Amino acid sequence: MIKHQAHAKSSTSGSPARRRFLQDSSRSIGIVALMSLGLGIYSKQSRSLPADALRPPGALKEPDFLGACLRCGLCVRDCPYDTLGLATAGDDVNTGTPYFKAREVPCEMCDDIPCVVACPSGALDKSLINIDDARMGLAVLFDQENCLNFQGLRCDVCYRVCPAINQAITLEHRSNQRSGKHAMFIPTVNSDHCTGCGKCEHACVLEEAAIKIFPLSLVAGKADDHYRMGWEEKSQHGSSLVAPDQEHLYNLPSGQRYDYDKEGLIFEENSSGEAIQ
Amino acid sequence: MNSKAYPGQEAIIANGWWLANRWLISRRLSQVGVLGLFLIGPWFGWWFVEGNLSSSLILGILPLSDPYVFLQSLATGHWPETAAITGVLMVVSFYLIVGGRAYCAWVCPVNLVTDAAFWLRDRLGLGGASSLSRKTRYWLLGATLLIPVVSGQIIWELVNPVSMLHRGLIFGFGAAWVVLLAVFIFDLFVTRRGWCSHLCPMGAFYSLLGTHSVIRVRADNRIACNDCLDCYKVCPEQQIIRPVLKEADKGTGPVIDSANCTNCGRCIDVCAPNIFHMGLRFNNKVSVNTNRSDRSNHSSGVEVL
């Protein structure tokens, strides 16, 4: 009898218990769904990296980096120049990830790349062995109105401090139109060599640097894959691919002819030795 | 008995102050000690430990990595390097032995915050039941491991109060205090033991990790229970005590083998009849002579939250 009662009781109490379980579960799922939505939106926002925040050498591309970095700060610890720091909550950089700002402390490009060695997760790619191969960003001399060299002065500071001097930044000569008789030495960044270390931005003597490091994603253009440069194809092939090279025939006044190798237009001398004008 | 000023008073009278507080004090020493090990580097330049709880390097050799952060990274599709994998194996094997949620009670710095909130909540008499299920944390754990699959980004670490507090103390706080204040307020005003026992997916992860861990709190002497309820009052996971203490006749063994036990040992402290002790999970049999008295049916007096 007692047993029977107990059985009856448990069978009727099954339904409320199940209802309670469903209520609890649905509430939990609801709360978690709300939190997930919030997190999803926040994460999308936090994926953007300010243009002046640079990742350490060897960092994976930004979206991959955000999945790989454990936010442990071991790279920060092993940076001998205190270049790197971890983003704190409220920063505009993804919380806990390492970055540096070139204008404050640039990367000194250590030969042994201790930050990459320290990274336990592979967010900093260990296949980077030569620091010259690092591409933390790309220097761009964007402010030609304030750069002193563009004024015809010989500041050259960015050129001088560049660890890849005369490679990453070269000085290209140009005539100074203002004075009409001087040369300008225009600092020119060559992306083949620029590691984005930021020494140039850090050293720029202006109040606001005229040369800055930007993320490659922002400033590096990309030619379409199908583009072919005729001269490259030609040298690769050994001769012209379209038609046999023919000497161009110019329709010039009498007494003149054109010869590229002998430097262009040639005035033939007449019998009296004067050039025909 | 419920009108006692605070739980553990009887234990102090019966066993002395030290025995009634030893686990709590050891636990605080452990929490502060772990934090201290990480802090003497940046503070004094003695680098025994570099990094933080997410991943660290001990004495420049031994890597340790948090398995939960590791899993989140894995979920994004990134395959980590050997150092992180080794570090994770170290940590996992440690907690397989000492109990997964021992991390929560003995290492996690947020426990100091939530325990403070609980203490204050208790003093202010802010009782009340929670409308939040303790299973919510497992749903959240699932979500924090699923969203990275879609977004390709570690997501919980953007807001995780645990790593934020620890990293904040070592590398600089920024606005991380806002998140911790939120946790404190939530635990103080909204839900009793809200964060650690209901929401934290990290704790949920460690509970799953330590489901079969070896070291456990045991109540072999449960016959001596005098129903003072002190263990219920101090336990962050009250629901796990009752079956072990009161359901021997249903065949429940003396080992508190719930995955949610944090091995904090506070129940051992506050129990005047010394029912609990730290032991191993083996030999979890119901003793033949369970002489149960009629006072077993006191569940109505227990506020199961």
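Only this structure's heavy atoms are used, side chains among them; waters, hydrogens and symmetry mates stay out. Everything numeric here is computed off the predicted structure, so don't read it as measured data. Order of the sequence lines fixes the chain letters, A, B, ..., with proteins taken first and strands second; residue numbering starts at 1 for each chain.
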Which portion of B/Trp177 sits near chain A, non-hydrogen atoms under 4.5 angstrom:
neither
I'd like to verify something: which residue of B/Ser73, B/Gly87, B/Ala143 has the highest number of heavy-atom pairs under 4.5 Å with chain A?
B/Ser73
Calculate, to the nearest 0.5 Å, the distance between atoms CZ and CZ belonging to A/Arg77 and B/Phe171 respectively.
4.0 Å
Donor-acceptor pair, A/Ser121 side chain versus B/Pro80 backbone, under 3.5 Å?
no
Separation of A/Arg27 CZ from B/Leu132 CG (nearest 0.5 Å):
8.0 Å
Evaluate whether atom NZ of A/Lys126 has more than 12 neighbouring non-hydrogen atoms of other residues, nucleotides or ligands under 6.0 angstrom away.
yes
Separation between CG (B/Leu158) and OG1 (A/Thr95), nearest 0.5 Å, reads 5.5 Å
Specify which of B/Ser55, B/Ala83, B/Pro148 makes the most heavy-atom pairs with chain A at under 4.5 Å.
B/Ser55
Quick check: are there more than 12 heavy atoms from other residues, nucleotides or ligands sitting under 6.0 Å from CZ of A/Arg47?
yes
Are side-chain heavy atoms of B/Ser133 and A/Gln23 found at a separation under 4.5 Å?
no
Is the OH atom of A/Tyr81 crowded by more than 12 outside heavy atoms at less than 6.0 Å?
no
Contact winner vs chain B - A/Ala33, A/Gly73, A/Ala118, A/Gly85, heavy-atom pairs under 4.5 Å
A/Gly73
Stepwise, does the side-chain contact (heavy atoms from CB on, under 4.5 Å) test hold for B/Ser56 with A/Leu74?
CA-CA 7 Å; B/Ser56 58; A/Leu74 285 173; 5.5 Å; no
Just by modelled atom types, is the A/Cys69 backbone N or O under 3.5 Å from a matching donor or acceptor in the B/His78 side chain?
no
CZ (A/Phe21) with more than 12 external heavy atoms under 6.0 Å:
no
Heavy-atom pairs under 4.5 Å with chain B - which of A/Thr88, A/Ile31, A/Asp24 has more of them than the others?
A/Thr88
Taking the side chain as every heavy atom from C-beta outward, state whether B/Ile147 and A/Ser43 have any pair of such atoms under 4.5 Å apart.
no
Heavy-atom contact with chain B under 4.5 Å, split by part of A/Cys75:
neither
Determine whether more than 12 heavy atoms belonging to other residues, nucleotides or ligands lie under 6.0 Å from atom CH2 of B/Trp139.
no
Is the count of non-hydrogen atoms from other residues, nucleotides or ligands lying under 6.0 Å from A/Lys101 atom NZ greater than 12?
yes
Here the gap from A/Leu66 atom CG to B/Ile154 atom CD1, rounded to the nearest 0.5 Å, amounts to 8.5 Å
Is a side-chain donor or acceptor of B/Asn52 paired with a backbone partner of A/Arg71 at a separation under 3.5 angstrom?
yes
Find out whether B/Arg167 and A/Cys72 are in side-chain contact, i.e. whether some heavy atom of one side chain is under 4.5 Å from a heavy atom of the other.
no
Report which part of A/Leu70 has an atom under 4.5 Å of a heavy atom belonging to chain B: side chain, backbone, both, or neither.
both
Residue, of A/Gly90, A/Gly96, A/Ala123, that accumulates the most heavy atom pairs under 4.5 Å with chain B
A/Gly96
For A/Leu34, is it the side chain, the backbone, both, or neither that has a heavy atom closer than 4.5 Å to a heavy atom of chain B?
neither
CG (A/Asp111) with more than 12 external heavy atoms under 6.0 Å
no
Would you mind telling me which of B/Thr82, B/Leu140, B/Leu146, B/Val159 has the largest number of heavy-atom pairs within less than 4.5 Å of chain A?
B/Leu140
Tell me whether the count of non-hydrogen atoms from other residues, nucleotides or ligands lying under 6.0 Å of CG in A/Asp224 goes above 12.
yes
Toward chain A, the part of B/Leu53 with a non-hydrogen atom under 4.5 Å
neither
Which atoms of B/Val69 come close to chain A, meaning under 4.5 Å heavy atom to heavy atom: side chain ones, backbone ones, both, or neither?
both
In Å and rounded to the nearest 0.5 Å, what is the CG to OG1 distance from A/Asp64 to B/Thr76?
8.0 Å
Where the side chain of B/Thr136 meets the backbone of A/Ser28, is there a donor-acceptor pair that is under 3.5 Å apart?
no
Can you tell me how far CG of A/Asn94 sits from CD of B/Gln153, rounded to the nearest 0.5 angstrom?
5.0 Å
